[in-house]
Amino acid sequence: MEATHYDDLSIYVPKNQLDKLINGVLQDKYRIFWGFNKGRMILNIYNSEVNNKLIFKRHKGFLELVEAKLKSPNVLKLLDNDIDFTMKAASKNSSNVKRNKETVYNEIDHFLIELSYFKKIGDEQSINNIKDKLAELTHEWNRLTLSR
């Protein structure tokens, strides 16, 4: 998997979901290390091959995921299972950008790549989530195409 950088996120992560994520990565033979920089909490999830970073802003009772640098498909899969990461990241990005045909086209392309990957590994939950998102994007694409 190529390194993927998600910035300008705002994903609510309660303690129980964070605990589940950490247990999942530890079971997948990753190590974790918490770091702190400029008031941000950085969760490094790494093994001998890759280092993934999740950057959080701390709030009372929960953390807010504000940035993610992912290099491992296994970590992305755990994030999708535990906090529905891909869908939340896409909806956050789509609400901040004026939607045009090129933006929607690029999102469709991205989700088709993701769909291909999850089909290869047989992750039915992620496949269904991505198919739902593709249906929404197709509807939006059709609306944008007809309005011009």
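Each side-chain hydrogen bond (donor to acceptor under 3.5 Å, both in side chains) pair with one or both residues in residues 13-27, not counting sequence neighbours, appears once here: Lys15-Asp19.
For His59, the ring-ring contact (aromatic ring centres under 6.0 Å, His included) test picks out Phe62, with sequence neighbours left out. For Glu67, the salt bridge (charged side-chain N to carboxylate O under 4.0 Å, His left out) test picks out Lys69, with sequence neighbours left out. Residues satisfying the ring-ring contact (aromatic ring centres under 6.0 Å, His included) test with Phe33, not counting sequence neighbours, are none. Legend: residues meeting salt bridge (charged side-chain N to carboxylate O under 4.0 Å, His left out) with Lys57, ordered by chain and number and at least two apart, are absent. Remark: Asp28 engages Tyr30, Asn74, Leu78 in a side-chain contact (heavy atoms from CB on, under 4.5 Å) (not counting sequence neighbours). A search for side chain to side chain donor-acceptor pair (under 3.5 Å) contacts involving Asp80 returns Thr86, not counting sequence neighbours.
Of all heavy-atom pairs spanning Lys88 and Tyr12, the tightest one is NZ-O, 4.4 Å. Nearest heavy atoms, Ser10 versus Glu64: OG-OE2, 2.6 Å.
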Under 3.5 Å, which donor-acceptor pairs do the side chains of residues 43-56 form with other protein atoms, sequence neighbours left out?
residue, atom, partner, partner atom, Å
Asn47, OD1, Glu49, N, 2.8
Asn47, OD1, Val50, N, 3.0
Asn52, OD1, Lys71, N, 2.6
Asn52, OD1, Ser72, N, 3.0
Asn52, ND2, Ile45, O, 3.1

Side chains of residues 118-127: which donor-acceptor partners sit under 3.5 Å, not counting sequence neighbours?
residue, atom, partner, partner atom, Å
Asp123, OD1, Gln125, N, 3.4
Asp123, OD1, Ser126, N, 3.2
Asp123, OD2, Ser126, OG, 3.0

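Residues Ile42 and Leu9 do not share a hydrophobic cluster, clusters being chains of Ile/Leu/Val/Met/Phe/Trp/Tyr side chains in contact below 4.5 Å. Tracing side-chain contacts under 4.5 Å through hydrophobic residues (I, L, V, M, F, W, Y), one reaches Val13 starting from Ile22; they form part of the same cluster. Under the 4.5 Å side-chain contact rule for hydrophobic residues, Leu18 and Phe85 share a cluster. Hydrophobic clustering (ILVMFWY, side-chain heavy atoms < 4.5 Å, transitive): Ile113 and Tyr6 are in distinct clusters.
Ile83 is listed as a side-chain neighbour of Leu65, based on a closest heavy-atom distance under 4.5 Å.
A distance of 12.5 Å separates CG in Leu79 from NZ in Lys77, rounded to the nearest 0.5 Å. The CD1 atom of Ile108 lies 11.0 Å from the OG1 atom of Thr103; values are rounded to the nearest 0.5 Å.
The aromatic rings of Trp141 and Tyr105 sit tilted, their planes meeting at an angle between 30° and 60°.
Side-chain N or O atoms of Thr138 include one that pairs as donor or acceptor with a backbone N or O of Leu134 at under 3.5 Å.
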For this session: Quick one: do Leu76 and Tyr117 satisfy side chain to side chain contact (heavy atoms under 4.5 Å, CB included)? Show the steps, please.
Result: CA-CA 11 Å; Leu76 177 61; Tyr117 168 75; 5.9 Å; no

